[in-house]
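First comes the structure, then the notes that go with it.
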2 protein chains.
Amino acid sequence: MPLPARPRHTIYRAHEALDGVPLIVDGWAARVIRFSDGRRQILSFVLPGDLISTSAVFAGSFGFFVEAITAVRYISYAREEFNGFLASDPELAGALLSACLAEKDEADRLAANLGRRRAEERIASLFLHLRDRLQVCGLVRDERFACPLRQKHIADATGLTPVHVNRVLGTLRQSGLVDLADGELTIADLPGLRQLADMR
Amino acid sequence: MPLPARPRHTIYRAHEALDGVPLIVDGWAARVIRFSDGRRQILSFVLPGDLISTSAVFAGSFGFFVEAITAVRYISYAREEFNGFLASDPELAGALLSACLAEKDEADRLAANLGRRRAEERIASLFLHLRDRLQVCGLVRDERFACPLRQKHIADATGLTPVHVNRVLGTLRQSGLVDLADGELTIADLPGLRQLADMR
DNA sequence: CGTCATGTTGATACCCTTCAAGGTAAGTGG
DNA sequence: CCACTTACCTTGAAGGGTATCAACATGACG
């Protein structure tokens, strides 16, 4: 039976003891690092079906907070239970391993994005990353998908201010690349957006 | 028998097939992401005794380049050989696991640093991180240690320009916090530096 | 109906980049 | 031994990208 969380509420506080392996069943969440002065950095968005982090299988706590973006339902597998799954399903171990490697790659890509790219590129990159993840689940139709992110979330994910995100979203819209409105993101020019975002 | 690499030379190119599990025996190296237009982001510095990345044990390639900073000697364990070690030493698996978790935490911390902190804080943070790693090896005496980094390396690690790194190093020196000169880094005011760098 | 979260826009400020120039030290080949 | 190069550090001036501050509009919601 999944646990519920309200939008904008904190699901997990950094360094708290983890009772199991948490997984988001429904809704969007974010992994976020908080500074004492209020600055925040979103490390990744956690989508339905995602483990919050593979680290939970081996570690007793996380170094980041987890916050609900939308209303969220999540479950936490007791570690023994999870190990039971692992033992019974030989493919699961492999999936867990590649998920862990993917998390590392993602973190590295994020660092490069934040360190070396400008606002437009970071935002384009974020949108394409979300698109690719949601496409796998069949949630993208006609290059449109439901995106519950507020401009504040985009700001915290890209290391920008909400005000500047607002302006950049405006220029992206005017350039005919993407449009984020009413909780729906529309990619109007996928090749153009890729060219803007691609870090080869 | 270790393989040698010259300073400033590329040891590994992103997405190249990995023949084994590489480990730096001697010298400093860096994991770096390169963009097509020449921008670079250093993901981490690899010190003597470090695996370049635990991912090598399970994956066939890396998503980043590896570059020698100083002269470097490294070895690459054949994967079977490494698995032999793993089977024979029960503690090694645990060490590998916690190294992997640490790598993930580090990547997250780096992202937060790059996304949300100013130049002074990023540089202070980098220096303290290096200090803590070298301290474990007993390479720090009197808050001084050998540091072969050029200002360009610091720039690529912190997402800044070498010119700005130069200016910030100047102010840090004048504030009596740290001094980097002649390949040696001196932390003159450890508490002060921590206060500047600490991200709670 | 007030309050809150959110989006929008303008004016101003600042952190950092870019461009440019020059200086030192080490290495190399004549 | 000297000219030349290369790598690196330093400093100044100017500009740009983004932040900050402020004000206002809108819709959701209790």
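A, B, ... follow the sequence lines: proteins, then strands. Residue 1 opens every chain. Computed over heavy atoms, backbone and side chain alike; hydrogens, waters and symmetry mates excluded. Everything numeric in this text was worked out from a predicted model, so none of it was measured.
OP1 or OP2 of D/dT10 sits under 4.0 Å from a side-chain N or O of B/Gln151. Distances shown here put every side-chain N or O of A/Asn166 at or beyond 4.0 Å from the OP1 or OP2 atom of C/dG7.
Taking each heavy atom of B/Val140 and B/Glu143 in turn, the nearest pair found is CG1-CA, 3.9 Å.
Comparing C/dC16, D/dA19, C/dT18 by their closest approach to the side chain of B/Leu160 singles out C/dC16. For A/Arg8, whose side chain is taken as the heavy atoms from C-beta onward, the closest listed nucleotide among C/dT18, D/dC9, C/dA5 is C/dA5.
Taking atom NZ on B/Lys152 and atom C1' on D/dT6, their separation rounds to 16 Å, with Å as the unit. The CG atom of B/Asp182 sits 14 Å away from the C1' atom of C/dA26 (whole-angstrom rounding). If you take CZ of A/Arg39 and P of C/dC15, they are 13 Å apart, rounded to a whole angstrom. In this structure, B/His164 atom NE2 and D/dT11 atom P are separated by 14 Å, rounded to whole Å. Regarding A/Gln174, its CD atom lies at a distance of 13 Å from the C1' atom of C/dT8, rounded to whole Å. If you measure from atom CD of B/Glu121 to atom C1' of C/dC16, you get 14 Å, rounded to the nearest angstrom. As rounded to whole Å, 14 Å separates atom P of C/dA5 from atom CD of A/Glu67. Protein atom CG of B/Asp156 is 14 Å distant from nucleotide atom C1' of D/dC8, rounded to whole Å.
Here side-chain hydrogen bond (donor to acceptor under 3.5 Å, both in side chains) pairs that include residues 57-74 of chain A, with residues two or more places apart or in two chains, are A/Arg34-A/Glu67, A/Arg40-A/Glu67.
Rounded to 10 degrees, the angle between the two end axes of the helix from C/dC1-D/dG30 to C/dG30-D/dC1 is 30°, with five pairs used at each end.
Under the 4.5 Å side-chain heavy-atom criterion for Ile, Leu, Val, Met, Phe, Trp and Tyr, B/Val178 and B/Val168 are members of the same hydrophobic cluster.
Toward the 5′ end of DNA chain C lies the nearest nucleotide of B/Arg118, the other residue of the pair B/Arg118 and A/Arg118 mapping further downstream.
Ring planes of B/Tyr12 and B/Phe62: perpendicular class, angle over 60° (limits at 30 and 60°).
Proximity of a side-chain donor or acceptor of A/Ser53 to a complementary backbone N or O of A/Ser55 within less than 3.5 Å is detected.
Counting non-hydrogen atoms under 4.0 angstrom, B/Gly183 reaches nothing in the nucleic acid.
Residue side chain B/Arg167 reaches the base of D/dG12 through a donor-acceptor N/O pair under 3.5 Å, judged by distance alone.
Remark: of the listed residues B/Asp156, B/Val66, B/Ile33, B/Ile33 is the sole one forming a side-chain contact (heavy atoms from CB on, under 4.5 Å) with B/Leu43.
Residues meeting the side-chain hydrogen bond (donor to acceptor under 3.5 Å, both in side chains) test with B/Thr158, sequence neighbours left out: none.
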